[in-house]
Amino acid sequence: MSSITTRDTPRGFSAAEYMTCLTGIVWREGLRFLHQRERFVSALVRPLVWLFIFAAGFRQVLGISIIPPYETYILYEVYIAPGLMAMIQLFNGMQSSLSMVYDREMGNMRTLLVSPLPRGFLLFCKLLAGTAVSLLQVYAFLLIAWFWDITPPAIGYLTVLPALILSGLMLGSLGMLISSGIKQLESFAGVMNFVIFPMFFASSALYPLWRVQEGSPYLYYLCQANPFTHAVELIRFAFYGQINWISLAVVAACTIVFMIGAILAYDPSRGLARRGPAGGEG
């Protein structure tokens with residue numbers, strides 16, 4: 001009798017089944033990215049405009065002194081390159097979240113979230129897929145920037161990869177958390193602008209924080225509290241084979257907090273996304 005009871009007891013999922021789910025979600029996101037070429041182009045246009053146009057205009061105005069991790073004076077476009085890499089990931093994280101809102105309206109996300117696999121794992125797979133797409137965009141930007149004399153140490157292209165993965169997870173989980181409370185596709189664009197531009201401009205992406213402190217101490221403290229600042233600094237130091245431990249701790253902690261918040265928010269029993277637009281489960 002005990003053997004029959006054991007056979008009837010539901011078993012957990014195997015590692016192969018979890019891997020199949022992860023592969024399927026990443027593959028779907030990759031195919032969507034390939035079919036939306038304008039998404040790839042738009043992801044590169046913004047940072048390239050800053051690199052080619054604004055950097056040329058600000059080069060003489062915003063000279064950069066010797067600050068870590070740099071060992072000599074650098075051009076302005078060299079300084080802003082890590083910030084533009086993080087900007088690509090920020091926009092990609094928000095666009096991935098936009099696709100979640102769209103999928104929830106069309107019913108695809110509802111189908112995914114009612115699968116027997118743990119909901120937290122499904123959301124993490126979605127987050128990994130979005131991060132993988134952002135890595136392709138960042139390295140495409142670096143390839144173009146190389147012709148613009150943005151040439152870090154060769155090893156920097158490898159040492160920056162873990163930092164890009166962690167920052168991509170943080171920004172993607174933030175977008176996922178935001179998307180949990182948005183029910184209509186039309187309202188997401190306004191929320192994106194409300195989040196993206198303050199995070200980007202109130203950071204060290206475009207100017208060093210010591211210059212911000214000279215102009216406005218209050219803005220300096222705001223930039224210090226901005227998680228995006230620490231994502232930029234983590235990438236900046238990793239780009240030159242160094243580790244900014246404070247930024248690493250902040251980005252890792254924010255990733256955990258945002259991801260837990262997104263999982264709870266997408267929990268139909270307690271989260272903001274428990275109802276879809278038609279009244280069903282989101």
Under a 4.5 Å cut-off applied to non-hydrogen side-chain atoms, are V251 and P227 in contact?
no

Below 4.5 Å, heavy atoms only, C-beta onward: do F91 and L171 meet side chain to side chain?
no

If I compare all heavy atoms of P198 with all of N226, which pair ends up nearest, and what's the gap?
O-ND2, 4.2 Å

Do you know the tightest heavy-atom contact between L44 and Q137?
CD2-O, 3.5 Å

Test side chain to side chain contact (heavy atoms under 4.5 Å, CB included) applied to L166 and L248, step by step:
CA-CA 9 Å; L166 185 57; L248 176 61; 3.5 Å; yes

Under the 4.5 Å side-chain heavy-atom rule for ILVMFWY, direct or indirect, which residues accompany L158?
I155

Partner residues of I263 under the side-chain contact (heavy atoms from CB on, under 4.5 Å) criterion, sequence neighbours left out
L123, M259

Any donor and acceptor pair, going by atom type alone, linking the side chain of N92 with main-chain N or O of V133 inside 3.5 Å?
no

Is the closest side-chain heavy-atom distance between Y220 and W210 below 4.5 Å?
no

Contacts of S203 meeting side chain to side chain donor-acceptor pair (under 3.5 Å) (sequence neighbours excluded), chain-then-number -> none

Verdict with reasoning, Q213 to L219, per side chain to side chain contact (heavy atoms under 4.5 Å, CB included):
CA-CA 7 Å; Q213 189 175 23; L219 180 58; over 6 Å; no

Qualifying salt bridge (charged side-chain N to carboxylate O under 4.0 Å, His left out) pairs, either residue in residues 228-247, two or more places apart:
E233-R236

I'd like to know if the side chain of Y76 and the backbone of Y207 have a donor-acceptor N/O pair within less than 3.5 Å.
no

Indicate yes or no for a side-chain donor-acceptor contact from T229 to the backbone of C223 under 3.5 Å, with no hydrogens or angles considered.
yes

Residue list, side chain to side chain donor-acceptor pair (under 3.5 Å) with Y240, at least two apart or on another chain:
none

Can any side-chain N or O of S247 pair as donor or acceptor with the backbone N or O of N244 at less than 3.5 Å?
no

Testing the basics here: between A163 and I235, what is the closest heavy-atom pair and its distance to 0.1 Å?
CB-CA, 4.2 Å

Could you go through the side chain to side chain contact (heavy atoms under 4.5 Å, CB included) check for L128 and F124 one step at a time?
CA-CA 6 Å; L128 282 179; F124 184 68; 3.4 Å; yes

Can you tell if the side chain of M170 reaches within under 4.5 Å of the side chain of F228, non-hydrogen atoms only?
no

Taking only distance into account, with no hydrogens and no angle test, what donor-acceptor pairs under 3.5 Å do side-chain atoms of residues 138-147 form with protein atoms, sequence neighbours excluded?
| from | atom 1 | to | atom 2 | distance (Å) |
| --- | --- | --- | --- | --- |
| Y139 | OH | Y157 | O | 2.5 |

Can you name the nearest heavy-atom pair linking T255 to L169, along with the distance?
CG2-CB, 3.9 Å

Closest approach of G83 and F200, non-hydrogen atoms and distance?
O-CE1, 4.1 Å

What I'd like to find out is whether the side chain of V250 reaches to under 4.5 Å of the side chain of C254, using heavy atoms alone.
yes

Walk me through whether W50 and L206 qualify under side chain to side chain contact (heavy atoms under 4.5 Å, CB included).
CA-CA 9 Å; W50 277 99; L206 300 179; 3.6 Å; yes

Could you check whether any side-chain heavy atom of M87 comes within less than 4.5 Å of a side-chain heavy atom of V232, counting everything from C-beta outward?
no

Do any N or O atoms from the side chain of S134 and from the backbone of G168 form a donor-acceptor pair under 3.5 angstrom?
no

What orientation do F52 and W148 show, parallel under 30°, tilted 30 to 60°, or perpendicular over 60°?
tilted

When you compare the side chain of L84 with that of R46, does any pair of heavy atoms fall below 4.5 Å?
no

Can you find a pair of side-chain heavy atoms, one from T159 and one from F239, that are under 4.5 Å apart?
no

